[in-house]
Amino acid sequence: MKKSLLMVAALSATSLSWGAEMPAEAASCVACHGANGKAIMPMYPNLAGQNQPYLVQQLKSFRDGKRAGDPMPAMSAGLSDEAIEKIATYFSDM
């Protein structure tokens with residue numbers, strides 16, 4: 001069920017226009033953080049308008065195992081530095 005929800009959210013988000021074009025790498029982020037960077041539930045942080053270097057630092061910390069936060073280490077595990085830059089830029093520009 002959880003994978004299905006993530007897939008539906010990812011597919012829906014890639015077909016919507018929210019101003020800046022969403023990079024493919026950000027598609028899985030929208031399931032929790034929203035396509036417009038505004039979280040769909042209070043337990044998830046809003047990413048819209050966050051400082052780009054801050055988002056880069058946090059994503060790299062999750063990916064590299066320096067910061068815990070279920071499910072973020074698993075979600076960021078396969079992200080390259082370039083993908084992280086794209087994701088951070090997309091949400092910071094909202």
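Excluded from the calculations below are hydrogen atoms, water molecules and symmetry mates; all remaining heavy atoms, backbone and side chain alike, are included.
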Closest heavy-atom pair and its distance - [X], [Y]:
X     : Y     : answer
Met94 : Ala48 : CB-CB, 3.7 Å
Asn51 : Ser92 : C-CB, 4.4 Å
Arg67 : Tyr54 : NH1-OH, 4.5 Å
Tyr90 : Ala26 : CD2-CB, 4.4 Å

Set of side chain to side chain donor-acceptor pair (under 3.5 Å) partners for Gln52, sequence neighbours left out: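 For Gln52 the side chain to side chain donor-acceptor pair (under 3.5 Å) partners, ignoring immediate neighbours, are Glu85, Thr89.
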
Any residue meeting side chain to side chain donor-acceptor pair (under 3.5 Å) with Asp64, in chain and number order, not counting sequence neighbours: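 If we apply the side chain to side chain donor-acceptor pair (under 3.5 Å) test to Asp64, skipping adjacent residues, there are no hits.
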
Gap separating the NZ atom of Lys60 from the CG atom of Asp81, nearest 0.5 angstrom: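 If we round to the nearest 0.5 Å, Lys60:NZ and Asp81:CG are 4.0 Å apart.
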
Gap separating the CD1 atom of Ile87 from the SG atom of Cys29, nearest 0.5 angstrom: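 Here the rounded value is 4.5 Å.
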
Residue pair Ser28, Met75: steps toward the side-chain contact (heavy atoms from CB on, under 4.5 Å) verdict: CA-CA 8 Å; Ser28 62; Met75 296 298 291; 3.8 Å; yes

Met72/Leu59 under side-chain contact (heavy atoms from CB on, under 4.5 Å): CA gap, chis, key distance, verdict: CA-CA 8 Å; Met72 287 305 301; Leu59 278 171; 3.8 Å; yes

Contact list for residues 25-35, test salt bridge (charged side-chain N to carboxylate O under 4.0 Å, His left out), sequence neighbours left out: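 Qualifying pairs, neighbours excluded: Glu25-Lys86.
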
Lys38 backbone acceptor or donor facing Asn36 side chain under 3.5 Å: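 Indeed, once roles are kept as given, a pair shorter than 3.5 Å links the two residues.
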
Side chain Arg63, main chain Leu79, donor-acceptor under 3.5 Å: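 A pair under 3.5 Å: yes.
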
Verdict with supporting geometry, His33 and Asn46, side-chain contact (heavy atoms from CB on, under 4.5 Å): CA-CA 6 Å; His33 300 288; Asn46 292 326; over 6 Å; no

